[in-house]
Every structure is written in structure tokens, then in C-alpha cells.
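From a predicted model like this one, the values you see are computed outputs, not experimental measurements. We use all heavy atoms of the structure for the numbers below, so side chains are in, but hydrogens, waters and symmetry mates are not.
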Amino acid sequence: MFRTLSWDFLFHSFYPLPRSCDQRVRRHQTGHLRQNLSDMFYSFVGAMLTAAGEPSEAKSCDILQRQIWSILPGFCTRPTDLVESLRGIAKILGQALDERPDLQLDVMAALRALVLKNMENDVNRTEVAKYAKNYLPRLLQIYTTEATSDGSNQRLAALETVKIYLKITPQETIDELFEKVVEKLNGDESSQFLLQACVDVAAVLLPYVPIAKLDGVLAFCRTAWVSPDATLQKKGYRCFGELLLSDQEALQAYAAGHMDTFKTDFTQAYSETKPPAKAARLRCLSAMVKRSGLTDKSFLKVVFPEIVMCTKEISENARQSAFELVKEVGNILLSDSSRPEEENVAEYFELMLSGLAGTPDGVAASIVALSHAVYEFRDKLRKPMVDMLMDNMNVLLASNTRDIVTAIFGFFKVIFSRMADFELGPHVARLVKSVSGMEENFRRHFRVKIRDLFTVLIRKFGYTMIVELVPESDHKLINNIRKTQEREKRQKKEKRNDKKSIAGDGGGDGGEEDVDRKSRAGAASIGGRSRAETINDILDELASSDEDGGTVDDKRREKKKKGNVYITEEDDEEIVDFTDPKASQKISSTMPSKSKRKQLDVRVAPDGRIIIDAGGHDRDDDAASLSSRMSGVSLNDKKKGKNRSEDTDGDDDGSFGYQAGGSGIHRPLKSSRKEKPAKKVATGAEYRAKKAGGDVKLKGRPDPYAYIPLDLKSSNKRKKSQTGWTVQGIC
């Protein structure tokens, strides 16, 4: 839409509107003096906030001018007159960055669009690059200034704009900015926030800086690695990672020439690493491991314990990086073609098995790493290695540390899902004996995991084999698992039959359903969970805390649902005006229900009575039908009772008209209580005049009609006693 438009059209047709809005606000401003600037883009937000008399109109003007500025990024998509118009507009954009925090996001989005959309146009790219010396200092000033909670988006957008603008920035401007950043890093007067921000800026500038100027930044990174500030540590590792992960040949050559020094400083800083910085450190370590390869196996053996320990970190990013490094080290060691594959596999798994002799945390982390290695390199494992792994796990299953036992159950879950039956069959008896011999408190804590393990064993080796191996105390559990599996099979079979019957009735082809069913055949449930569970789900379960005995699926179910937001609209034709101060009252966290008020059917009978029908009865059921029903009510027990019994005998409404008489079961029963005479129902017929129309007054009886004035006081509970006399003589 905006690609064929020019900036001259934008700034002469649209942007005079904010000035007119500003002048409109001035007319409502009282007691407030402000500086009068000549350019039409001056901020009048502050004037609006202090405007008196018409706050709603001021708010509307504010929204209008923001909407006009929001179309600026669209006009920056390949404008037709960029070279001619940028000279006059650049100053306005710079002033907006300095003086208008509310417009900074729109201006920065416009600058990013100018750079990205004109990379292939040499003339436009050169023109935009001329103003890098004007915009980059302003953007860096925004990022290095500590902002409030409302300004965090501006800081991130400023850094992203700097990254994009550096692609076309002249080298002289980059060198000048880098020297200022290094000066701030090495200065003694810099605050902690400024140091952290400057490290981020240095990491952005690092790929564009000459090799001769890198020593100052890298020296600061080494200092940041041992800093007590965790945030500064993390940013120091990120800055160092930009050097290692760069694709530029000059930076790669520089890193290769100083790799030995980097490795020494890197390993020495391990003891000072804070948990928040471990994810960034592992990314740097991954780059160093890939660069070293098989040429430096000693470095792999030195850093591998750190990698294994990070598999139990709380941070998900750190755990994921550790698992990737475990796999990367395995690929490097198994790629050694100078030795047999069995020796390479043995060397790789011995690195992890060596951690089983350490602290409880180290043992648990080693088992988690072993689980990941078995999942990734299951095709490389041979029977001697499988036997050794299973023997070690059976021994450690008797441990009194819950973290170790949790990791072992995860290992069993992985190996039984990935290995063949004949390879694991000899270890089933010992495994069942070890699980059944666990202490009672451990069995109670891991009851869910024990049930899942037995479920896998029954499915893999059969119910008959497992029930013979478990003690009699566990027979109830095994039988329950078998019944559950049979019930699940039955339910699946019923579902398949239902689908077939539906497909047959509809005349459709069931071929697609057969294909889907075959594709889901490997996803049979194991203890209520999917068999096709990924390694990430298994490892997340191992890394999560098991103090509550729950599983990852259980914890996922316990996560609170995100709250929904609803807008209450009284009328479908009217929308909610969010500029209205009372608009917040229309926002609800629950689904609003349309309140349907009960419609009262108010009618006037021919004799003047008011009939109110609140139950939705038919309008034909009027006062005449009411009188006819009331006339059938018996007022004389002797005369009317007989007629009523005769009427009921002839009714077809199913009423019972039998009267007792005779002997035996037909004898009349005497009531223990005397039947009370029927109360006389007053229908108002006694007031009817015999010789004239209308009603007449009766002596000693209330009037047939009464007029009571309606007063608002009658609805007040406190003044009820004052208004009660008006109806006492009438009702």
C-alpha cells in the first residue's frame, strides 16, 4: 500500500494534523505555560495531561496524533523520494528520538525498515548510511540509560535497531563508537548498570571491529567471568561467545590463535560461575569443543564433568545446552577412525561412569547423562556395555538418595523403550528383585514410577513372566496393571468398531483411518502416558523436583489456565469506547451473560381489575377463564360435592372417581381426624350489583376497590411502619 507513495506526500498531507490537534488542546489549557516551538511535531502530551475543561477531547487528539505517527514505518518501505526528502526529515526523526519517548518505537521501526528495505539499492543505502553518526549515538544513549518499567521496550528496540544499522554504517563511525564503549568499560566511575549495558553494546560491535582493538574487550570479559555480579558474568560470556561464533574469517583466525589462552582462563573461571551465567558459559564451551575436536581430547575430559553436572541445572536453557554438549562430545569421540568402534564407545561411556563414584548430586547427574547417551547412541551399544550399565543401575537402586533413584527409574524408562527384548531379558529377574526389595518409604514415594516400570515390563515380556518373578505382596499391583491394560485394549477396540460403523453408514472409505491407526500403533499408552515420549520429556522429568511424587504430565495438568478477558456490550449495535474513563467497567474475566429481564404481561380486565401475568401464560387465558375456573370451586359440601363427583367421573384427565362402599377392601375407612370444612373462597362475585352495572359496597366488608397513592417512601424498609396504615383498612 505504501510502497508507491513518497515522503513528500506523507509530511505535507498527514503530519500537519498533529499541529492542529496541538492548537486545539491549547484552547482548553489553563494556568500552564510551555515553550512554543516552530516545528509542527512538538509533543503536546504533557499539555493534554494538564488540559482543563475538555479532557475527553484532549485524549482523542492524543490518540489521533499517535495514530498518524504509527504509519511512518509503512512509508519507509522503499520510498520513491528518499534521497530528496531524507535531508529534511532526518532532523525531525532525531528530535523525536530525543524528546518524544512515546514516539521512539515508531521512529526506530522506521529506521529499521529504511535499512532492511534498501540493502540492494546502492544509492538509497549510501544516503541512509550518512546519518548513522547522527542516529547511532542517540540509540545507544537510549539503551545505556536506565529506564523505568515503561521504557524497557524502548531499550530493547534501540539495541535491535543498532544491530541492523551497523550493517551499513561506515567503519570510521564504528571505530569511534567502540573506543567510547571500551573507555566506559575500563572507567572507574561507571555504574553497574552502565557496565552491563556497555558489555551488550560491545558484543554487538564486536563483529565489525578490527582485530587490533579486541584485546581491551576480551580483557574485560575475563574480568567479568570472576565478578560476583551474576548479570555481569552472563553478559561477559555472551560477549565472548560473539567472538567464538562469528562467521568472519578474521575473527575465526584470531580465536584459533588464542584458543590455548582461552581454554586456560575458561577452566579457571569454572569455580566462580553463578547459576544464571551457566547457559551462556555452556554456549561458549560448545563452540570451543567444536573447534578443538579430536585434536585436544584432554580438554574434553577436563570440561566433561562440568557438562554432566549442568544436566541437573534448574535453568531449562542450561540443561538443554548440556544435553547438546553430551551428544556433541559423543559424536567427536565416536568419529575417531583410528580405533575400533567398541573402544570409542567404551571411552565415551567411561567418562560418564566415572561420575558414579562421586557425590550424590554427581551420581544423579551422571545417570541422567547416561540416559541421554543411551537414547542417542543406542545403535552403538553392544551386549557387554548393556550388561555393565544394567549391573551398575541395579546396585545403585539400593541407594538412600531420592535424586539417584529418580534418575535410575528414568534410565530404565529410556533403555527399555529403546533396546530389544533379548538384550534386556537376562536382567529382568534381578531388576524385579531390586525394585521389590526397596524400603517401604521409598516404595511409597516412587509408587507411580514403580507402577510405570512394571507396566513396561508386562507389555514387553508378558504378564506370566513378571507375575512369577514378583513376590506375593506385589501380585495385587500386577493384576491391577493387567486389568487396566485389558480395559484399555477393550476401549480402543470399541472405538475402532464405532469408527468403522460410522464410516460404513456414511459410505466413506476407511482407508485413511487404517493408515492413521497404524501410524499411532507405536504410541500405545504406558501407565496413562504416551509410549512415543521424546527424550526431552523424559529428561525434563528427571531434572524436575520429585519431592511431591508427581510426574511431568501431572504437573502439566496442574498448571493454571490462562485467564480470558471478555468485553461486556449492552447492545450488539454499540461498541465499547475505550477512550471513555468508564471503559474499564466493561472488562470482565468471565463470560458475560446477556441479562434477560422477565417481561411482565400487564392487562386490564373488563371490570377494571389489573391482571399481571409473570409466568408467560397465554394471553387468551384472561379474567373470563379465571372466573370460570373459580366458579367450579365447591362452596356447599352437600349439593356441590355430588355434582363435582359426577363431573370428575366423566373427565378424561385420568382423575380417580371411585367411592368406597361394601365390605372387605371396599369398606369405607373412617378418618382419624374430622375433615375440616372447606374454606369459603371469596371471588368478588358478592359485590356485583343485581340491578345495575358495576360493584356495590357491602356493610361491614371492605370496599370492592381502593385507590392508594404511590409514594417512594413505601419502598424504604425503615419507614415501613409509617406507610403501613394506608393498607390496613383495605386488605
Side-chain angles (χ1 to χ4, degrees), residues 1-11 14-15 69-97 103-143 153-178 180-181 200-211 213-214 238-239 241-253:
M1 172 180 175
F2 298 115
R3 293 184 180 180
T4 59
L5 298 178
S6 64
W7 274 10
D8 182 72
F9 170 76
L10 169 68
F11 283 89
F14 278 95
Y15 279 88
W69 273 96
S70 64
I71 67 176
L72 175 61
F75 277 86
C76 295
T77 305
R78 300 184 183 92
T80 58
D81 57 344
L82 187 145
V83 178
E84 296 81 5
S85 302
L86 185 58
R87 183 178 304 176
I89 299 171
K91 182 178 179 181
I92 297 174
L93 298 181
Q95 290 178 350
L97 288 175
L103 301 179
Q104 288 176 351
L105 292 177
D106 293 329
V107 175
M108 287 186 283
L111 293 177
R112 292 194 297 270
L114 280 178
V115 175
L116 294 176
K117 299 299 182 180
N118 294 278
M119 294 292 292
E120 300 177 358
N121 191 326
D122 296 337
V123 177
N124 290 349
R125 185 178 69 251
T126 304
E127 185 68 20
V128 176
K130 291 180 182 179
Y131 296 92
K133 60 182 179 180
N134 298 327
Y135 291 133
L136 286 179
R138 287 183 167 94
L139 294 173
L140 293 178
Q141 180 65 26
I142 294 173
Y143 184 74
N153 295 332
Q154 281 84 344
R155 292 187 67 247
L156 297 177
L159 187 62
E160 185 65 25
T161 307
V162 171
K163 291 180 182 179
I164 295 175
Y165 218 124
L166 286 174
K167 297 178 180 180
I168 62 172
T169 303
Q171 189 62 41
E172 297 81 7
T173 304
I174 294 177
D175 295 343
E176 182 180 354
L177 292 175
F178 189 76
K180 293 182 180 179
V181 170
D200 291 336
V201 175
V204 173
L205 295 173
L206 197 63
Y208 306 95
V209 175
I211 301 299
K213 298 184 178 181
L214 292 178
R238 286 180 178 175
C239 184
E242 292 293 331
L243 172 63
L244 297 177
L245 299 174
S246 177
D247 297 333
Q248 298 184 11
E249 296 181 359
L251 293 180
Q252 290 180 359

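Residue Val204 comes nearest to Pro207 through the heavy atom pair O-CD, 3.4 Å, listed as atom of the first residue, atom of the second, then distance. Scanning both residues, Asn118 and Cys76, for their nearest heavy atoms gives ND2-O, 4.5 Å. The two atoms that bring Ile168 and Ala129 nearest to each other are O-CB, 3.1 Å, heavy atoms only. Listed here is the closest heavy atom pair of Ile142 and Gln154: CG2-O, 4.0 Å. Annotation for Val128 and Tyr165: closest pair O-OH, 2.7 Å, computed over non-hydrogen atoms. Between Ala132 and Pro170, the shortest heavy-atom distance links the atoms CB-CD, 4.3 Å.
The main-chain N or O of Val83 is never found under 3.5 Å from a side-chain atom of Arg87 such that the two would form a donor-acceptor pair. No donor-acceptor pair under 3.5 Å is formed between the side chain of Thr173 and the backbone N or O of Thr169.
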Worked verdict on Lys91 versus Tyr131 for side-chain contact (heavy atoms from CB on, under 4.5 Å): CA-CA 10 Å; Lys91 182 178 179 181; Tyr131 296 92; over 6 Å; no
Full working for side-chain contact (heavy atoms from CB on, under 4.5 Å) between Asp175 and Phe178: CA-CA 5 Å; Asp175 295 343; Phe178 189 76; 5.7 Å; no
CA sep, side-chain torsions, deciding dist, call: Val162, Tyr143, side-chain contact (heavy atoms from CB on, under 4.5 Å): CA-CA 10 Å; Val162 171; Tyr143 184 74; over 6 Å; no
Working for side-chain contact (heavy atoms from CB on, under 4.5 Å), residues Lys117 and Asn124: CA-CA 10 Å; Lys117 299 299 182 180; Asn124 290 349; over 6 Å; no
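The shortest distance between side-chain heavy atoms of Leu251 and Leu214 falls below 4.5 Å. The shortest side-chain heavy-atom distance between Ile174 and Leu136 does not fall under the 4.5 Å cut-off. Side chains of Met108 and Leu97 form a contact here, defined as non-hydrogen atoms less than 4.5 Å apart. The side-chain heavy atoms of Tyr135 and Thr161, taken from C-beta on, include no pair separated by under 4.5 Å. Side-chain contact between Tyr208 and Lys167 is present, with at least one heavy-atom pair separated by less than 4.5 Å. Leu159 places none of its side-chain heavy atoms less than 4.5 Å from the side chain of Leu140. Under the 4.5 Å side-chain criterion, counting only non-hydrogen atoms from C-beta, Leu93 is in contact with Leu72.
Remark: Arg125 CZ to Asp122 CG distance equals 4.5 Å, nearest 0.5 Å. From Arg112, atom CZ reaches atom CG of Leu116 across 8.5 Å, with rounding to the nearest 0.5 Å. Taking CG of Leu139 as the reference point, atom CG of Leu111 lies at 6.5 Å (rounded to 0.5 Å). A distance of 10.5 Å separates CD in Gln252 from CG in Leu244, rounded to the nearest 0.5 Å. A distance of 7.0 Å separates CG of Leu245 from CD of Glu242, quoted to the nearest 0.5 Å. Note that the CG atom of Asp106 and the CD1 atom of Ile71 stand 10.0 Å from one another [nearest 0.5 Å].
Counting heavy-atom neighbours within 6.0 Å of Lys213 NZ, excluding the residue itself, gives a total above 12. Summarising the local packing, CD of Gln171 is surrounded by more than 12 heavy atoms from other residues, nucleotides or ligands at distances under 6.0 Å.
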